[in-house]
**Q** 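Handing you a structure now.
Computed from a predicted structure; not experimentally measured. These numbers come from the heavy atoms of this one structure, side chains and all, not from hydrogens, waters or symmetry mates.
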Amino acid sequence: MIEHVLKSTGLASVFACALMVGAAQAGDRETVLESCRANLQLDDAGCACVADRSEAELSETQYAFFVSSVSGDAAANSFASKLSGDEAMEVMTFMTTVPTACKAG
């Protein structure tokens, strides 16, 4: 289902570049920042906004899925199976709205 939603929204390529369930690891934020710069063409402030909001607004499992997705990690599918339908939709909504909001300022 997650793959279908990603493909149907065109976000598979935008966030084709995640996280392991558990506490955020030092490299996770950098993964989000690198993917943001490469795929969203946001400036440093916009990418910091995406990283900050992903850490603050997503649950641990959602964040793990998000980081895995943007890093292109094959583990994204295993994290997706741990999300409820509502949690998955929250991540998809996050992925479609937050970059635009962060770009706007």
Side-chain angles (χ1 to χ4, degrees):
M1 175 183 164
I2 299 298
E3 287 181 47
H4 176 70
V5 173
L6 284 173
K7 288 178 184 174
S8 68
T9 61
L11 288 177
S13 62
V14 173
F15 283 103
C17 287
L19 197 199
M20 296 177 195
V21 175
Q25 299 186 11
D28 296 337
R29 182 176 178 84
E30 191 57 36
T31 297
V32 172
L33 292 170
E34 287 176 15
S35 177
C36 176
R37 289 183 202 111
N39 297 304
L40 300 177
Q41 288 81 41
L42 293 178
D43 61 15
D44 287 341
C47 289
C49 172
V50 171
D52 291 344
R53 290 190 58 182
S54 66
E55 293 169 345
E57 297 176 22
L58 299 175
S59 72
E60 201 170 277
T61 305
Q62 288 171 319
Y63 186 68
F65 170 73
F66 175 71
V67 176
S68 292
S69 296
V70 302
S71 70
D73 187 348
N77 288 333
S78 71
F79 292 121
S81 68
K82 296 177 183 178
L83 298 174
S84 70
D86 287 343
E87 289 174 317
M89 286 309 299
E90 288 171 8
V91 176
M92 297 308 116
T93 300
F94 178 91
M95 293 171 81
T96 58
T97 61
V98 169
T100 302
C102 288
K103 186 174 188 170

**Q** Supply the atom-to-atom distance Thr97 OG1 to Arg53 CZ, rounded to the nearest 0.5 angstrom.
**A** 6.5 Å
**Q** Side-chain heavy atoms nearer than 4.5 Å, only ILVMFWY residues, links allowed to pass through others: does that put Leu42 and Phe66 together?
**A** yes
**Q** Considering all heavy atoms of both residues, which atom of Cys102 and which atom of Gly46 are nearest to each other, and what is their separation?
**A** CB-O, 3.5 Å
**Q** Mind listing the closest non-hydrogen atom pair of Cys47 and Arg37 along with its distance?
**A** SG-N, 3.5 Å
**Q** If we ignore hydrogens and angles and just use 3.5 Å, is the side chain of Thr93 paired with the main-chain N or O of Met89 as donor and acceptor?
**A** yes
**Q** In Å, rounded to the nearest 0.5 Å, how long is the span from CG of Leu40 to CE of Met95?
**A** 9.0 Å
**Q** Suppose we screen for side-chain hydrogen bond (donor to acceptor under 3.5 Å, both in side chains). Which residues come up paired with Glu34, at least two apart in sequence or across chains?
**A** none
**Q** Locate the shortest heavy-atom distance separating Ala51 from Leu33; write the atom from each residue and the value.
**A** CB-CD2, 3.9 Å
**Q** Once side-chain contact (heavy atoms from CB on, under 4.5 Å) is applied, do any residues pair with Asp43, and if so which ones, sequence neighbours excluded?
**A** Ala45
**Q** Taking side-chain contact (heavy atoms from CB on, under 4.5 Å) as the definition, give me every residue that meets it alongside Ser59, ordered by chain and number, with sequence neighbours left out.
**A** Thr61, Gln62, Glu87
**Q** Do Leu58 and Phe65 make a side-chain contact, defined as non-hydrogen atoms from C-beta onward lying under 4.5 Å apart?
**A** no
